[in-house]
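Contents: one structure, followed by commentary.
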2 protein chains.
Amino acid sequence: METHDLRNAGLKVTLPRVKILQILENESTDRHLTAEKIYKILLAEDGDIGLATVYRVLTQFESAGLVTRHHFEGGNSVFELAKGSHHDHIVCIKCGKVDEFSDELIEARQKEIAKKLNYQLTDHSLYLYGFCPQCQKKTDPFPTL
Amino acid sequence: METHDLRNAGLKVTLPRVKILQILENESTDRHLTAEKIYKILLAEDGDIGLATVYRVLTQFESAGLVTRHHFEGGNSVFELAKGSHHDHIVCIKCGKVDEFSDELIEARQKEIAKKLNYQLTDHSLYLYGFCPQCQKKTDPFPTL
DNA sequence: ATTCCTGCAAAAAATTTGCACGCTT
DNA sequence: AAGCGTGCAAATTTTTTGCAGGAAT
């Protein structure tokens, strides 16, 4: 129930917020979406929700820790529902597919590096870019987007 | 001599291009600069070089492999002279300082992960964020920018 | 001479903000 | 009722593009 998450975050339960949360939770679509994409999904569904509101809500969600913002190559931000555990991303440069992974060894190493350089680590981001399995097949040059 | 690099890249040797290259090469300043910062340095030096030109030149340099573009957190792109070897970055979230490092173990692990997920890796980016040594000292809350 | 470059102004693209009205609590 | 939230339009910010004049080869 999204209602609870919102109340928990000190946010009023409003239609735009509930809907956006539902879109991000939707397992059947990509869970890494730009504000623009979310806006278009909302438009298609029916609503009268403005793009500005989408940005505002996403920013609030980010502050509340409900959502994580990523800066993939290419410029615009993508938003993802914050799952409990940290993970990194591998992104297909052709079709935009996003897979997730996490690796204890890399995590540990990052901490060592920060310590060696005397940085007090607060955050990090690791993105791998390449062709996903589908986009490598010569026989199917136009995989499903 | 920058002239050679430019000719090599198939670019005419012009004042804006030489100057921008010199700024990026300058050891005494940060070598990770936004287009805007480069533009301001150029303004200060004297020139009549437009911001649009800075962007154009940097984009050309990137295509030519002379320069690498990074997307640090916070939005705008930073540009760095492409050194021979790959390296990653650790960025101070307070003063903006950028340090570089490279770690074979992490590199190797990334390749393994890509292979396991059947991605054909083309690129990757790893950014660590935190407080640099200077910005942790309680006694000096305003370190040199 | 020819082609490539540049500055400027205007255009785009992404994101944020001001304001009056409306919904949540 | 009170305050927070929303839509819309306008403002910002970052980056790109069109064009006419100027340089590099």
Side-chain angles (χ1 to χ4, degrees), chain A residues 1-23 32-43 45-64 66-79 96, chain B residues 1-23 32-43 45-64 66-79 96:
Chain A
M1 194 120 283
E2 299 83 11
T3 303
H4 199 250
D5 295 323
L6 290 173
R7 287 243 166 72
N8 231 30
L11 299 169
K12 282 187 180 168
V13 178
T14 66
L15 195 67
R17 308 221 254 230
V18 172
K19 286 201 151 194
I20 291 173
L21 218 38
Q22 287 175 340
I23 289 173
H32 301 79
L33 301 168
T34 60
E36 194 75 32
K37 270 187 199 142
I38 293 174
Y39 174 61
K40 280 180 184 151
I41 293 174
L42 286 168
L43 278 189
E45 285 190 356
D46 74 335
D48 256 324
I49 294 173
L51 179 54
T53 299
V54 175
Y55 275 105
R56 260 185 303 227
V57 168
L58 287 172
T59 304
Q60 293 161 344
F61 283 3
E62 190 190 12
S63 306
L66 289 172
V67 147
T68 307
R69 181 191 302 239
H70 299 287
H71 300 280
F72 293 160
E73 247 175 34
N76 29 10
S77 306
V78 301
F79 298 84
Chain B
M1 195 122 280
E2 300 83 10
T3 303
H4 199 249
D5 295 324
L6 289 173
R7 287 239 165 73
N8 230 32
L11 298 170
K12 283 187 180 168
V13 178
T14 64
L15 195 67
R17 305 220 254 232
V18 172
K19 285 201 151 193
I20 290 173
L21 219 38
Q22 287 175 339
I23 288 173
H32 302 78
L33 300 168
T34 60
E36 194 75 33
K37 271 187 199 143
I38 293 175
Y39 174 61
K40 280 183 183 148
I41 293 175
L42 286 169
L43 277 189
E45 285 190 356
D46 73 336
D48 255 323
I49 294 173
L51 178 56
T53 299
V54 175
Y55 274 106
R56 259 184 305 229
V57 168
L58 287 171
T59 303
Q60 293 161 344
F61 284 2
E62 190 189 12
S63 307
L66 289 172
V67 148
T68 307
R69 182 193 300 241
H70 297 288
H71 300 280
F72 292 160
E73 245 175 36
N76 30 8
S77 305
V78 301
F79 297 85

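Below, chains carry the letters A, B, ... as their sequence lines are ordered, and counting in each starts from 1.
When the side-chain nitrogen and oxygen atoms of A:Arg7 are compared with OP1 and OP2 of C:dT25, one or more of them lie within a distance under 4.0 Å. Proximity of B:Ser77 to the phosphate of D:dT15: a side-chain N or O atom is located under 4.0 Å from OP1 or OP2. OP1 and OP2 of D:dT14 both lie 4.0 Å or more from every side-chain N or O belonging to B:Thr34.
As rounded to whole Å, 12 Å separates atom P of D:dT15 from atom NZ of B:Lys37. Atom NE2 in A:His70 sits about 14 Å away from atom P in C:dT15, given to the nearest Å. Rounded to a whole Å, the CD atom of B:Glu36 is 13 Å from the C1' atom of D:dT12. Note: CD1 (B:Ile49) to P (D:dA23) measures 14 Å, nearest angstrom. Atoms CD1 (A:Ile38) and P (C:dT15) sit 11 Å apart, rounded to a whole Å. Following rounding to the nearest Å, A:Leu15 (CG) and D:dG7 (P) show an atom-to-atom distance of 9 Å. For the pair A:Leu58 CG and C:dA14 P, the computed distance is 15 Å after rounding to whole Å. The interatomic distance linking A:Leu6 (CG) with D:dC4 (P) rounds to 16 Å, in whole Å.
Not one N or O on the side chain of A:Arg17 forms a donor-acceptor pair closer than 3.5 Å with the backbone of A:Val57.
Looking at heavy-atom distances under 4.0 Å, B:Thr14 makes contact with sugar-phosphate atoms alone, never a base.
Counting only heavy atoms from C-beta on, B:Ala52 has its side chain closest to D:dT17 among C:dG7, D:dT17, D:dG5. Set against D:dT6, D:dG5, C:dC8, the side chain of A:Leu11 has D:dG5 as its closest nucleotide. Closest approach to the A:Arg56 side chain among D:dG7, D:dA24, D:dG3 is made by D:dG7 (side chain taken as heavy atoms from C-beta onward). Residue B:Tyr55 places its side chain closer to D:dT14 than to any other of C:dG7, C:dA14, D:dT14.
Heavy-atom nearest nucleotides on DNA chain D were determined for B:Thr53 and for A:Lys12, and the one closer to the 5' end corresponds to A:Lys12. Each of A:Asp48 and B:Thr59 was assigned the nucleotide of DNA chain D with the nearest heavy atom; the assignment lying further toward the 5' end belongs to A:Asp48.
Between A:Thr59 and A:Arg69, the closest heavy-atom pair is OG1-NH2, 3.5 Å.
A:Ser77 contributes atom OG, which lies 11.0 Å from atom NE2 of B:His71 (distance to the nearest 0.5 angstrom). Rounded to the nearest 0.5 Å, atoms CG (B:Leu21) and CZ (B:Phe61) are 4.5 Å apart.
If you run side chain to side chain contact (heavy atoms under 4.5 Å, CB included) between B:Leu42 and each of B:Thr53, B:Ile20, B:Asp48, only B:Ile20 comes through.
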